[in-house]
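Notes follow the structure.
Any value given below was found using the heavy atoms of this structure, including those in side chains, with hydrogens, waters and symmetry copies removed. Being a predicted model, the structure only gives us computed values, none of them experimental. Lettering of chains follows the sequences in order, A, B, ..., and the numbering in each one begins at 1.
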Protein chains: 2
Amino acid sequence: MQSELASIILFHRKHSGLTQQELSELAGVGKNMVYELENGKKSVRLDNLLKVMQVLNIELDFQSPLRETFLKEYSDAKC
Amino acid sequence: MQSELASIILFHRKHSGLTQQELSELAGVGKNMVYELENGKKSVRLDNLLKVMQVLNIELDFQSPLRETFLKEYSDAKC
DNA sequence: CTCATATACCCTTTAAAGAGGGTAAATATA
DNA sequence: TATATTTACCCTCTTTAAAGGGTATATGAG
């Protein structure tokens, strides 16, 4: 616990009814990684975090003063 | 490039006028880490990513169907 | 076109994340 | 209360992210 990220993960996992081990297997990461994530470890790998969040149906996005400008240019760049 | 995260970082760094090296020094990470981040590497450490984003004034948040429920309970838990 | 700067990548070393196995303690369930 | 399950940590081994240095190429300013 202690960090907001940890609380978010724990909260969503509890709501999903999964155990740490089940979540880790679905996400394809080690059981210890899920445990550490829920206990405030920040030095986890981003790709592993994203795998866990995907299973829990959580998605990340960003906020910044440049957000709107970025999104406009970014969607243009893709077309 | 190639990933959205990479584009976000690059976009914000360019707007800040910083070089990769300056950004890396301000963030307290290696220059190669910034380079790799901007080139789509996903296996970076979360804490390092957050340091870089902090310098660029970008913040992360999450979206999920449980978001509102979580935020309500989370803010209660802190008081 | 020149010269300076930034970026793209190479290499090596080191620290630590991650995986998986184990077990005591905590928690839930019958 | 007894029992099953889950969580909290321990340990070891392997893998790899990260740092820092180096250099060729690309980019930009004068």
Report task. Figure out the OH/C1' separation between A:Y35 and C:dG21, and round it to whole Å. Result -> 16 Å

Query raised in the report: Rounded to the Å, how far apart are A:N39 CG and D:dA8 C1'?
Result: 8 Å

Query - Strand-adjacent residues in residues 11-26 of chain B, judged by heavy atoms under 4.0 Å from DNA chain C - result: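 Result for residues 11-26 of chain B: B:R13, B:K14, B:T19, B:Q20, sorted by number.
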
Query raised in the report: Got a sec, which residues hit side chain to side chain donor-acceptor pair (under 3.5 Å) with B:D47, two or more places apart in sequence or on another chain?
Result: B:R45

Query - side chain to side chain donor-acceptor pair (under 3.5 Å) partners of A:S64, counting only residues at least two apart - result: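 B:H12.
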
Requested in this report: Write down the atom of B:S7, the atom of A:Y74, and the distance for their closest heavy-atom approach.
Outcome: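 B:S7 and A:Y74 have their closest heavy atoms at OG-CE1, 3.5 Å.
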
Report task. Determine the minimum heavy-atom distance between A:G40 and A:S3, stating which atoms define it. Result -> CA-OG, 4.0 Å

Query raised in the report: Which residue pairs satisfy the salt bridge (Lys or Arg N to Asp or Glu O under 4.0 Å) criterion with at least one member in residues 16-29 of chain B, sequence neighbours excluded?
Result: none

Query raised in the report: Quick one: salt bridge (Lys or Arg N to Asp or Glu O under 4.0 Å) pairs with a partner in residues 3-18 of chain B, sequence neighbours left out?
Result: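 The answer is B:R13-B:E38.
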
Query raised in the report: Are any non-hydrogen side-chain atoms of B:K41 and B:N39 less than 4.5 angstrom apart?
Result: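 No, side chains not in contact.
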
Query raised in the report: Under 4.5 Å between any side-chain heavy atoms of A:L37 and A:L5, yes or no?
Result: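 The answer is yes, as the side chains (C-beta and beyond) meet within the 4.5 Å cut-off.
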
Query - Inter-residue atom distance B:E73.CD - B:E68.CD, 0.5 Å rounding - result: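 Going from the CD atom of B:E73 to the CD atom of B:E68 covers 12.0 Å.
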
Exercise answer: donor-acceptor pairs, residues 53-60 of chain B side-chain atoms, under 3.5 Å, sequence neighbours excluded:
none

Query raised in the report: Reading nucleotides 18-30 of chain D from the 5' end, what letters show protein touch, with B for base, S for backbone sugar-phosphate only, - for no heavy atom under 4.0 Å?
Result: SSBBB--------

**Report entry** Listed partners of B:K51 passing salt bridge (charged side-chain N to carboxylate O under 4.0 Å, His left out), at least two apart
**Finding:**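 If we apply the salt bridge (charged side-chain N to carboxylate O under 4.0 Å, His left out) test to B:K51, skipping adjacent residues, there are no hits.
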
Report task. Determine which pairs satisfy ring-ring contact (aromatic ring centres under 6.0 Å, His included) with at least one residue from residues 13-57 of chain A, sequence neighbours left out, and list them in order. Result -> A:F11-A:H15

Query raised in the report: Does anything in residues 37-60 of chain A pair up under ring-ring contact (aromatic ring centres under 6.0 Å, His included), and if so which pairs, sequence neighbours excluded?
Result: none

Requested in this report: Describe, as an angle rounded to 10 degrees, how the axis at the first end of the helix from C:dC1-D:dG30 to C:dA30-D:dT1 is tilted relative to the axis at the last end, five pairs per end.
Outcome: 70°

Please tabulate, one pair per line, each protein N/O and nucleotide N/O from nucleotides 24-30 of chain C that are separated by under 3.5 Å, including the distance.
none

